[in-house]
Trainee: 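Please find one structure pasted underneath; my questions will follow.
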2 protein chains.
Amino acid sequence: MRYPDEVNAAEHSTLTPGDRATRTAGAKRVTIGDVAARAGVSKSAVSFVFNNRPGVSAAARERILRAADDLGWQPSARARALSRSRTQAVGLVIRREPELLSTDPFFPLFMAGVEIGLSEQNYSLVLQVVKDQHGERDAYERLARESRVDGVFLTDVRAGDTRPRDVAALGLSVVVVAPEDADTEADVVIGMDDAAGVRRAVHHLHSLGHRHIGHVMGVPGYVHTEARRRAWEDTLVELGLPVGPVVTADFTGSSGARATHELLDLPRPPSAIVYGNDLMAIAGISAATDRGIRVPEDLSVVGFDDIPLAPYIVPPLTTVRQNVVAWGTAAAQTLVSLVEGKQPPEIRLPSVEFVVRGSTGPTRHRRPS
Amino acid sequence: MRYPDEVNAAEHSTLTPGDRATRTAGAKRVTIGDVAARAGVSKSAVSFVFNNRPGVSAAARERILRAADDLGWQPSARARALSRSRTQAVGLVIRREPELLSTDPFFPLFMAGVEIGLSEQNYSLVLQVVKDQHGERDAYERLARESRVDGVFLTDVRAGDTRPRDVAALGLSVVVVAPEDADTEADVVIGMDDAAGVRRAVHHLHSLGHRHIGHVMGVPGYVHTEARRRAWEDTLVELGLPVGPVVTADFTGSSGARATHELLDLPRPPSAIVYGNDLMAIAGISAATDRGIRVPEDLSVVGFDDIPLAPYIVPPLTTVRQNVVAWGTAAAQTLVSLVEGKQPPEIRLPSVEFVVRGSTGPTRHRRPS
DNA sequence: CCTCCCCTTCAAACCGGTTTAATCATCGCG
DNA sequence: CGCGATGATTAAACCGGTTTGAAGGGGAGG
């Protein structure tokens with residue numbers, strides 16, 4: 001695994017990147033032909049063994065495996081991709097504003113989960129980060145036309161989103177990652193019932209005595225935004241409470257702060273607010289604190305995501321937690337099955353959890369109005 | 001881009017994934033041969049045009065481009081990879097504990113930056129998330145042996161890290177992503193002088209009257225952890241201040257809280273603490289607040305990263321900001337040059353910023369001891 | 001008008017696997 | 001002992017591009 005020290009030392013001063021490339025290129029790749037020769041069989045035999053198909057005697061298989069091992073050979077993904085017309089790679093296109101990117105709790109965990117599902121099957125993940133819709137369309141187009149991937153995940157789905165069809169028309173398999181009941185044109189949707197978390201949250205606030213519960217929405221149009229809003233609204237109705245004030249925001253901290261001020265400026269401000277994500281909720285706590293409103297004594301706050309920071313802010317944030325890693329793994333397994341034309345596994349995603357911490361508390365008696 | 005509605009409707013009920021795969025496979029791929037035929041030239045001519053090499057008349061080039069456009073053809077990355085023995089893809093392996101993954105401000109931004117640098121050159125990014133050192137080694141091994149990528153980024157470098165050599169020995173080009181002065185065995189290191197931010201932070205605290213400044217380190221052994229610690233220490237020495245207490249933590253919120261308690265439990269606790277990242281700093285504020293110690297009146301806090309939440313916690317966090325996106329772009333451009341044997345561009349990374357917010361303030365007179 | 005040279009153009013080999021179809025050896029059975 | 005069936009084995013075609021080397025064509029110079 002190491003170059004001899006003296007070689008490295010000798011080259012160290014004069015070595016330019018170009019030289020290095022040339023040097024490494026010198027090491028001739030070992031191919032299936034070399035393995036076949038060493039095992040005294042044909043290339044086909046080697047291929048058969050490595051794709052475990054019948055038609056090779058136990059003795060031959062044995063020799064082939066040993067030869068491959070001796071030579072440290074592994075089929076080249078490049079060559080295999082060409083002859084099988086399949087890349088064994090899938091794509092994920094992330095569209096995010098820079099502001100939200102580094103704080104988004106979803107994608108890193110989702111990717112980690114996807115990775116688990118993919119590596120089991122020896123698939124790779126090709127990632128693309130774009131900043132607008134235009135870039136996203138181009139990305140899928142390129143991924144498909146250049147045959148870089150066999151399938152893609154679709155996230156951040158909007159109501160009436162045409163991407164599932166568009167992408168399928170490019171010849172790619174598609175798995176849509178969206179809340180369970182999302183209304184999309186997709187064949188396959190993998191999602192959790194995240195609205196359940198919001199319902200639990202509203203019930204929790206109700207049991208603490210809150211009767212006037214507001215909501216700060218994320219970017220309108222996305223199915224997860226709407227699912228959360230609807231869950232909040234439906235639960236209020238179900239509990240016989242008035243549907244409280246809603247303000248539209250965009251998942252950023254600044255929008256969460258602004259929305260909170262709007263709600264607190266109302267003639268009759270809510271005593272509790274359910275936010276579309278943790279970032280807005282935390283910014284909301286900050287906004288309230290700035291106005292001298294104490295959390296949770298004067299205002300209860302519920303977030304969504306359970307980011308790792310949630311327990312460490314003041315007060316610790318009550319929020320909703322999804323198992324995003326499991327979600328990603330399920331999505332990956334499904335997509336691979338789809339690509340290979342197999343029946344996707346029956347998957348049960350773990351349910352959403354509601355985590356009670358310090359940002360929610362009992363209502364006080366009505367403040368003097 | 002859409003299937004006729006009636007077709008979709010008819011299939012909707014009975015469609016299984018397997019069927020879909022078969023259906024889409026029916027659409028015959030258009031190849032370089034088709035384009036050549038349509039333009040009335042040989043495949044070579046088409047290839048020449050698309051790799052802009054000389055040897056094709058203007059007229060022919062014109063016809064070829066139009067033919068390709070008409071047919072919507074684009075060279076297949078699969079085929080190109082095989083014949084050029086190059087994938088036009090590079091790899092990034094992320095090793096992170098689940099706890100840190102969703103809160104890590106570095107990787108998403110870095111990836112976004114990398115993406116910018118890569119897409120300019122039509123390269124793709126292959127991502128792998130692993131959870132331990134063993135998985136990481138396997139990941140590089142697989143990436144190289146299966147010829148999935150031409151080069152990789154190396155992050156989270158430790159002092160004396162052998163990965164640069166190991167990976168180069170696999171025949172991959174390598175760019176090491178680490179602070180400027182990192183001591184590694186790599187040919188190419190792309191980094192920022194992030195220690196400068198810590199120096200600025202210590203000077204700032206000094207100017208506010210602090211004379212007793214502690215530090216909470218991240219995971220020991222990493223070059224960025226050590227660079228920050230060293231910057232803190234060197235600056236104290238330079239200012240003629242005693243080198244304050246240091247506690248080792250691991251970049252997680254819980255470790256930051258614990259470390260903070262340790263520092264505050266000291267017979268003579270520091271009046272200011274510099275943390276290795278924002279997450280620990282925020283957890284530190286929370287820990288201090290729990291003990292009735294006010295920030296910044298009783299304790300000043302400085303973080304590192306400037307996560308989007310930093311302005312929205314109470315009090316807003318003073319911290320150090322690096323332009324991670326630019327860093328990623330630079331790393332990507334360098335890696336591509338390396339892969340292609342070209343001279344890497346001369347790159348000037350923007351310098352680190354120090355952002356003063358509310359978590360730092362003047363010292364009060366010495367508290368009764 | 002003939003050479004020589006340069007520019008275009010293209011057929012064929014190649015990259016490293018997979019897959020098909022044909023050959024060969026073996027074996028059971030009438 | 002002959003024959004069809006069965007399983008092992010492999011040569012050759014193929015995936016869709018790139019690259020090489022040779023052939024063809026036109027213009028400048030003598």
Trainee: Please list, pair by pair, any protein nitrogen or oxygen found under 3.5 Å from a nitrogen or oxygen in nucleotides 21-26 of chain D.
Mentor:
none

Trainee: Find the distance B:R78:CZ to D:dT18:P and express it as a whole number of Å.
Mentor: 14 Å
Trainee: Distance check needed: D:dG16 P versus B:F50 CZ, whole Å only.
Mentor: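 Roughly 16 Å, once rounded to whole Å.
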Trainee: Considering all heavy atoms of both residues, which atom of B:A144 and which atom of A:R29 are nearest to each other, and what is their separation?
Mentor: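 Smallest heavy-atom distance, with atoms named: O-NH1, 4.4 Å.
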Trainee: Which whole-number value in Å describes the distance from B:I64 CD1 to D:dT18 P?
Mentor: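 The distance from CD1 of B:I64 to P of D:dT18 comes to 12 Å, rounded to the nearest Å.
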Trainee: Taking all atoms of both residues into account, what is the closest heavy-atom pair of A:L349 and A:A326, and its distance?
Mentor: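 Of all heavy-atom pairs spanning A:L349 and A:A326, the closest is CD2-O, 3.8 Å.
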Trainee: Any non-hydrogen side-chain atom of B:D150 less than 4.5 Å from a side-chain atom of B:S173?
Mentor: no
Trainee: Polar atom pairs between nucleotides 13-15 of chain D and protein, under 3.5 Å, N or O only, would you list them?
Mentor:
{"residue": "D:dC15", "atom": "O2", "partner": "A:S83", "partner atom": "N", "Å": "3.4"}

Trainee: Have a look at B:S76 and say if it touches a base, only the backbone sugar-phosphate, or nothing, with a 4.0 Å heavy-atom cut-off.
Mentor: sugar-phosphate
Trainee: Between B:R78 and A:T87, is any side-chain donor less than 3.5 angstrom from a side-chain acceptor?
Mentor: yes
Trainee: Round to the nearest Å and state the distance from A:N51 atom CG to C:dT19 atom C1'.
Mentor: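 Distance check: A:N51 CG to C:dT19 C1' gives 10 Å.
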Trainee: What's the shortest heavy-atom distance between A:I64 and A:V35, and which atoms?
Mentor: O-CG1, 4.1 Å
Trainee: Look at B:R137 together with B:E141 and state whether they make a salt bridge at an N to O cut-off of under 4.0 Å.
Mentor: no
Trainee: Is there a side-chain polar atom (N or O) of B:S57 under 4.0 Å from OP1 or OP2 of C:dT9?
Mentor: yes
Trainee: Testing the basics here: between A:I94 and A:M111, what is the closest heavy-atom pair and its distance to 0.1 Å?
Mentor: CD1-SD, 4.1 Å
Trainee: Which part of the nucleic acid does A:A81 contact within heavy-atom distance under 4.0 Å: base, sugar-phosphate only, or nothing?
Mentor: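 It contacts nothing in the nucleic acid.
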Trainee: How close do B:P164 and B:V174 get, counting heavy atoms only, and between which atoms?
Mentor: O-CG2, 4.1 Å
Trainee: Measuring from B:I347:CD1 to B:T329:OG1, what's the distance to the nearest 0.5 Å?
Mentor: 9.0 Å
Trainee: Check whether any side-chain N or O of B:R80 sits under 4.0 Å from OP1 or OP2 of D:dT18, and answer yes or no.
Mentor: yes
Trainee: Distance check needed: C:dT9 P versus B:R61 CZ, whole Å only.
Mentor: 10 Å
Trainee: To the nearest 10°, let me know how far the axis at one end of the helix from C:dC1-D:dG30 to C:dG30-D:dC1 is tilted from the axis at the other, five pairs an end.
Mentor: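 Axis-to-axis angle, ends of the helix: 50°.
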Trainee: Counting only side-chain N and O atoms of B:S42, is one of them less than 4.0 Å from OP1 or OP2 of C:dC10?
Mentor: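 Yes, B:S42 has a side-chain N/O under 4.0 Å of OP1/OP2 on C:dC10.
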Trainee: Examine D:dG17: is either OP1 or OP2 under 4.0 Å from a nitrogen or oxygen in the side chain of B:W73? Give yes or no.
Mentor: yes
Trainee: Between D:dG17, C:dA11, C:dT20, which nucleotide has the shortest distance from any of its atoms to the side chain of A:R53?
Mentor: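 Nearest to the side-chain atoms of A:R53, counting from C-beta on, is C:dT20.
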Trainee: Whole angstroms only, please: what is the CZ-C1' distance between B:R86 and D:dT18?
Mentor: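 Whole-Å distance recorded here is 12 Å.
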Trainee: Classify B:V46 by what it touches in the nucleic acid, base, sugar-phosphate, or nothing, heavy-atom distance under 4.0 Å.
Mentor: nothing
Trainee: Flag the pair A:R163 and A:E136 as a salt bridge only when some basic side-chain nitrogen lies within less than 4.0 angstrom of an acidic carboxylate oxygen.
Mentor: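 So A:R163 pairs with A:E136 through a salt bridge.
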Trainee: Set out, in order, the CA-CA distance, both residues' side-chain angles and the distance that settles side-chain hydrogen bond (donor to acceptor under 3.5 Å, both in side chains) for A:Y123 and A:E115, then state yes or no.
Mentor: CA-CA 9 Å; A:Y123 270 64; A:E115 204 39 62; over 6 Å; no
Trainee: Measure CD/A:E146 against C1'/D:dG17 and give the value in whole Å, please.
Mentor: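 Result: 13 Å.
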Trainee: Please tell me whether B:R61 and B:N52 have a donor and an acceptor in their side chains that are separated by less than 3.5 angstrom.
Mentor: no
